[in-house]
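Everything below concerns the one structure shown next.
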Amino acid sequence: MAFLFHKFQEAVKILAKSPTFARESRLVQFEADINLLFLYTSYNRLGRNAEEADAEEIIDMANKASLDDQQKQVHENVHYQVTSFCRYMDDILLPDHKVKDNQATSPTATTSSPHSSGLGLAVGGNSLVQDQTAVPETKTLRRTEVSQRLKDLMGYTLEVKPSQIPHEDAGKGLFLQGEANIGSVIAFYPGVVYSPSYCRYIPGYPRVDSQNSHLITRYDGTVINAQPWGAGGESREIWDWTRVPEPMHTTQADEKVSIGVNKPLDGTHVGGNLEVLEWRNPLAFAHFANHPAKGMVPNVMICPYDFPLFEKDMRPYIPNISFRNGEEENMTKFSSFRFKSWKSSNNESNVPVLKTLVLVATRAICDEEVLLNYRLSNLEHIPSWYTPVDEEED
């Protein structure tokens, strides 16, 4: 496996310098990232029983496959990992994993049975007053217990604690406990998802970042605000928008960040879109990842992930909710694109998705701080703590 990893390392270095996508700068960066994510996540999916021919085929595909095909494979690779994570969480939290399929899936079902609603996709209507039996019964485990059990099953979990970045503004940082291989999905970026047409509704608009260091933007213009998620919680419950968990200060945050400045959203703002979410999610802390200090190298990168909303049983473990969902439906094409058959796959379908972000490991990580390249070079005012990362060193 070490030999195969060396082949991948060499391929990454070559592709990082390739002029194939020499066009508009933002698109160049996006295509370069997808190229790397294709290699990293595909290598991860090969597993320990990979053969040299498999590795060589993936490297060849990275050079020849279209951007669209590579995106599909990246999504499939990430979704494969997210599916495994959700199964682990079911094993940890559901009282009886076997009865899940027999639970009612209607979000409006009313019954005294604790298993009446299953893991429904949504539990809303137009009112904030919801039947609490819509939230399925889970084991009464604290978040720290869930985190430790996930580590036992998956090999790693996350912890938020004081950063080791040698700068006074570093604040809290994100740390991986355990071991994660290259290409592993390390963390979810939680919070409220705003499509480009609704960005004006982000609290504090137009200077949204002056009071909030928990914002991130995807290449397609989608913005995720992690401030309402904060440090998560201790239960599975309806995100009813009437409370905002107190967020801990995050990575090298702007000193102007003030807890509680922005008013929490309510049902009138989000069109009554209420979801049952698992607030004990041990991986819902990507917003605490720090930018590396000078001389340090990132060990994760951002990866867009469009969660297919038909995966209702997995929905509670995706720590995001769409702003005004239902008024604007986003559709994404999915296919059966897989290794060995990527040239001939034409089975595509349009499905509604929730546009999210995850962090993917760019190397093996073991008991260390998670570091992400913030790429702030184009900002008008660069923070004093920011040092540009040499992309060729990633």
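Every residue two or more places apart in sequence or in another chain was checked for a side-chain hydrogen bond (donor to acceptor under 3.5 Å, both in side chains) with Y189, and none qualifies. Every residue meeting the side-chain contact (heavy atoms from CB on, under 4.5 Å) condition with L153, not counting sequence neighbours, appears here in chain and number order: Y88, I92. In this view, T217 and V223 satisfy the side-chain contact (heavy atoms from CB on, under 4.5 Å) rule, not counting sequence neighbours. Evaluation of the ring pair (Phe, Tyr, Trp, His ring centres under 6.0 Å) rule for F175 yields no partner, not counting sequence neighbours. Residues satisfying the side-chain contact (heavy atoms from CB on, under 4.5 Å) criterion with D220, sequence neighbours excluded, are R218, T222, K355. In this view, E179 and C366 satisfy the side-chain contact (heavy atoms from CB on, under 4.5 Å) rule, not counting sequence neighbours. Qualifying side-chain hydrogen bond (donor to acceptor under 3.5 Å, both in side chains) partners for Y219, counting only residues two or more places apart in sequence or in other chains: D33, R375. Qualifying side-chain hydrogen bond (donor to acceptor under 3.5 Å, both in side chains) partners for E369, counting only residues two or more places apart in sequence or in other chains: S163, N290. Not a single salt bridge (charged side-chain N to carboxylate O under 4.0 Å, His left out) links E145 to another residue, sequence neighbours left out.
Of all heavy-atom pairs between N44 and G183, the closest is ND2-C, 3.6 Å. The shortest heavy-atom contact between N181 and A361 is O-CB, 3.7 Å. The minimum heavy-atom distance linking T157 with L150 is given by the pair OG1-CD2, 4.3 Å.
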- Decide side-chain hydrogen bond (donor to acceptor under 3.5 Å, both in side chains) for Q73 and N77; before the verdict, give the C-alpha distance in whole Å, the side-chain angles of both, and the deciding distance to 0.1 Å. CA-CA 6 Å; Q73 187 65 61; N77 293 342; 2.8 Å; yes
- Task: Step by step, work out the side-chain hydrogen bond (donor to acceptor under 3.5 Å, both in side chains) result for H79 and E311.
- Result: CA-CA 11 Å; H79 187 66; E311 298 278 13; 3.2 Å; yes
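The aromatic rings of H291 and W385 lie tilted to each other, with the angle between the two planes from 30° to 60°. Between F288 and F285, the angle of the ring planes lies from 30° to 60°, which puts this pair in the tilted group.
Atom OG of residue S42 and atom CG of residue D54 lie 11.0 Å apart, to the nearest 0.5 angstrom.
A distance of 6.0 Å or more separates the ring centres of F188 and W229. Proximity of the aromatic rings of Y201 and F323 is defined here by a centroid distance below 6.0 angstrom, and this criterion is met.
Side-chain atoms of L309 and V353, non-hydrogen and from C-beta on, never get closer than 4.5 Å to each other. Counting heavy atoms from C-beta outward, I302 and L359 have side chains that approach closer than 4.5 Å.
Looking at R143, its side chain never comes within 3.5 Å of a backbone N or O of V146 through a donor-acceptor pair. Side-chain N or O atoms of N320 include one that pairs as donor or acceptor with a backbone N or O of G191 at under 3.5 Å.
Sequence neighbours left out, not one pair with a member in residues 185-195 passes salt bridge (Lys or Arg N to Asp or Glu O under 4.0 Å).
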